[in-house]
2 protein chains.
Amino acid sequence: MMQTEKLLQNVRLSQTNMRKEILDILDDSSLALSMNEIKLRLKSNYNRVTLYRNLKVLTEKGILHQIHIDRQDSKYVLPLKTDKAGEHDQEHLHFKCLMCNEVKCLTDQHPEQVVLPEGYEKIEVNFVVYGICRTCKNKN
Amino acid sequence: MMQTEKLLQNVRLSQTNMRKEILDILDDSSLALSMNEIKLRLKSNYNRVTLYRNLKVLTEKGILHQIHIDRQDSKYVLPLKTDKAGEHDQEHLHFKCLMCNEVKCLTDQHPEQVVLPEGYEKIEVNFVVYGICRTCKNKN
DNA sequence: CTATTTTTGCAACACTGTTGCAAATATTTT
DNA sequence: AAAATATTTGCAACAGTGTTGCAAAAATAG
């Protein structure tokens, strides 16, 4: 169980219905969800711009994490949920199934420490593996 | 020096001006380029749909490699050029500088072999590190 | 409860992705 | 090399997402 109120309070964002719903939806989901998948699960008919702005601000504040799957597809996750200890930016891989398009966090797969050339500074990483998931594989 | 003709011939694509220009542009560039960056370097005023279709087909045929930087940004490289031995899909990291937006292939950084859960099949990977490059760092 | 701040919905525009189709170009065949 | 065939191009058009400004609505602070 998570308290969405606390999350919003910590970063000084107002407690609006849409924000609480977004966090609940992502908390309930075992998969990373796209903006549109989130939109479909919202109870009321909210405006798409508002959703866009909320996903943006929640990501900027570090509450959500955005995974850049490909040009047409980016997904959001609640890292507080998937990572054990509340470590926001634990580096881990993401897997996208090219058949069912589902995206999973491979939280047990931490990439080795990235070594950048002299003088380069790392801020964030985005590691995606594309392939076929077990469920889709068994369908054939 | 590369022979763009051979590349196109190998995959049975017609030798059109735009295709030859695209390959030359990417061959000349030390950086991964976006669709728009390629468009700006084309000599004639080609149609954007044609460019889109050519980048798509060249990527599908394996001549170009597309790097998914983020939702608004994807870049193309000529892997034959950057990888030594003509190994197309050598897994390596990409680095995007968040100040100058340049994208470099970190060809000497090969990620350790990815281990997927039982029953999952890997097809492709896309690993991007975001940060600040040396040049931008020295400007401050 | 009122004043202030933040958020929402709407209109509007930009850019990229995407398709269908006819005209233009490239390739193959004779 | 010209004709026949196949491929590619440019254009129109539409969809989806990103993005901004602004007034109305909602949330928070006093």
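The model shown is predicted, which means the values in this text are computed figures rather than measured ones. Each chain gets a letter, A, B and so on, in the order its sequence line appears, and its residues count up from 1.
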Yes or no on side chain to side chain contact (heavy atoms under 4.5 Å, CB included) for D27(A) and T4(A), after CA distance, side-chain angles and deciding distance? CA-CA 9 Å; D27(A) 188 42; T4(A) 54; over 6 Å; no
Over how many whole Å does the gap from N54(B) atom CG to dG17(C) atom C1' extend? 15 Å
Closest to the side chain of T50(B), out of dT8(C), dC10(C), dG10(D), is dG10(D)
For dC10(C), does OP1 or OP2 lie under 4.0 Å from any side-chain N or O of N47(A)? yes
If I take atom CZ in residue R19(A) and atom C1' in nucleotide dT28(D), what distance separates them, rounded to the nearest angstrom? 12 Å
Can you say whether the rings of F95(B) and Y120(A) are parallel (under 30°), tilted (30 to 60°) or perpendicular (over 60°)? perpendicular
So that I can tick it off, tell me whether K96(A) and D70(A) are bridged by a salt bridge, with the cut-off set at under 4.0 angstrom between side-chain N and carboxylate O. yes
From CG of D70(B) over to P of dT16(C), roughly how many Å is that when rounded to an integer? 13 Å
If I take atom OH in residue Y46(B) and atom P in nucleotide dC11(D), what distance separates them, rounded to the nearest angstrom? 13 Å
For nucleotides 13-23 of chain D, read 5' to 3', which letter fits each nucleotide if B means a protein heavy atom sits under 4.0 Å from the base, S means only the sugar-phosphate is that close, and - means neither? B---BBBBB--
Where along residues 9-18 of chain B does a heavy atom fall under 4.0 Å from DNA chain C? S14(B), Q15(B)
Return the value, rounded to whole Å, for the distance between atom CG of L58(A) and atom P of dT6(C). 16 Å
Without decimals, in angstroms, what is the distance between K20(B) NZ and dT9(D) C1'? 15 Å
Roughly how many Å is it from CG in L42(A) to P in dG9(C), rounded to a whole number? 10 Å
